[in-house]
Asks: 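I'd like to ask you about the structure that follows.
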Amino acid sequence: MEEALLIVEQAADDPEIINAIFRAAHTIKGSAGMFGIDPIVVFTHAAESVLDRVRGGSVAMSAELAALFIEVHDHLRDLINRVAEVSQADPEADSYGRRLIAQLETYLGESQQAENADAADSADMPVVHQSSVEREHSDMVGSDHWHISLRFGPDVFRSGMDPFSFVRCLSSLGRIVQLVSLTGGI
Amino acid sequence: MANLNPENPPNGRIVIEDELTIYTVLDLKDKLLTALSTTEELELDLSDVGEFDGAGLQLLVMVKQEAAASGKALRLTGHSPVVLELLDLSGLAGFFGDPLLFVRPSASL
């Protein structure tokens, strides 16, 4: 991710590089979610949201934003190291993280309390088609509806994974309104 | 790691002990299918199940389907908390059709 960020400072508009950063953030978020490391999930989610806007063209990459992402990257590395070292919570780092999230959110065009609980409650996931939603300016983020279909290959258990850990990870990011398990493949 | 307590063959009841997970399903599969083949109705007592994962759930689904395919009945009883939780999460309580009561903490609106 760092490499891509340093390049983007110079090649601000290259979509491939933005994509690379997005994918890196997305992977980190996914892995953190798999292990239940919520602070990293929340933090990367904010970064990912902004990157998504950059990809979509609604936010322009700039030297300023790139510099913010360098800070984001460093903070993320710090978070990961702290998890790896099983360090105690660091309030200074946490408030720094919240400040970064607030800065990221200015690019999302809304003000939101960066409370973990609010972030977790904000997205509903009923079984309806995703619609792109204009976010309301309110304390709670306007609801995003997602229809998420998880299809697992026959080797999922053999690979040491449990489909329901994915489900639990998703439920830490939003609220499951309905879940249907398809048993035809068993 | 015997997880089976065959108190039974006459009335087809098996108590599954402790682990119903990826680590035990292979063993359990053979025993459950064998037990199913010897009775018309098999009851699985899940009150001792302390660990239950996707693999365990998949096994129960498979045995349920086997029972249906061979015109037999499978009943799950004594659902322990971990069993209830995953059955609820997976939305499969109805699939098994056993009487259950889910108590959810009331959500604030």
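Within every chain, numbering begins at 1; the chains are lettered A, B, ... in the order of the sequence lines, protein sequences first and strands thereafter. Quantities reported herein were computed from a predicted structural model and do not represent experimental measurements.
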Asks: How would you list, by chain and number, every residue that makes a ring pair (Phe, Tyr, Trp, His ring centres under 6.0 Å) with A:Tyr96, sequence neighbours excluded?
Replies: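 A:Tyr96: ring pair (Phe, Tyr, Trp, His ring centres under 6.0 Å) contacts with A:His75.
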Asks: Against chain A, work out which of B:Leu89, B:Leu57, B:Val61 has the most heavy-atom pairs shorter than 4.5 Å and name it.
Replies: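 Sorted descending by pairs with chain A, the first entry is B:Leu89.
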Asks: Could you list the residues that satisfy ring pair (Phe, Tyr, Trp, His ring centres under 6.0 Å) with B:Phe52, not counting sequence neighbours?
Replies: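 Partners of B:Phe52 under the ring pair (Phe, Tyr, Trp, His ring centres under 6.0 Å) test: none.
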Asks: Among residues at least two apart in sequence or on other chains, which ones pass side-chain contact (heavy atoms from CB on, under 4.5 Å) with A:Val59?
Replies: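 side-chain contact (heavy atoms from CB on, under 4.5 Å) list for A:Val59, sorted by chain: A:Arg53, A:Val54, A:Leu65, A:Tyr107.
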Asks: So which N and O atoms of chain A and chain B form donor-acceptor pairs under 3.5 Å?
Replies:
{"residue": "A:Asp162", "atom": "OD1", "partner": "B:Gly54", "partner atom": "N", "Å": "3.3"}
{"residue": "A:Asp162", "atom": "OD2", "partner": "B:Gly54", "partner atom": "N", "Å": "2.8"}
{"residue": "A:Arg168", "atom": "NH1", "partner": "B:Glu85", "partner atom": "OE1", "Å": "3.3"}
{"residue": "A:Arg168", "atom": "NH1", "partner": "B:Glu85", "partner atom": "OE2", "Å": "2.8"}
{"residue": "A:Arg168", "atom": "NH2", "partner": "B:Glu85", "partner atom": "OE1", "Å": "3.3"}
{"residue": "A:Ser181", "atom": "OG", "partner": "B:Ser90", "partner atom": "O", "Å": "2.7"}
{"residue": "A:Thr183", "atom": "O", "partner": "B:Gln65", "partner atom": "NE2", "Å": "3.3"}

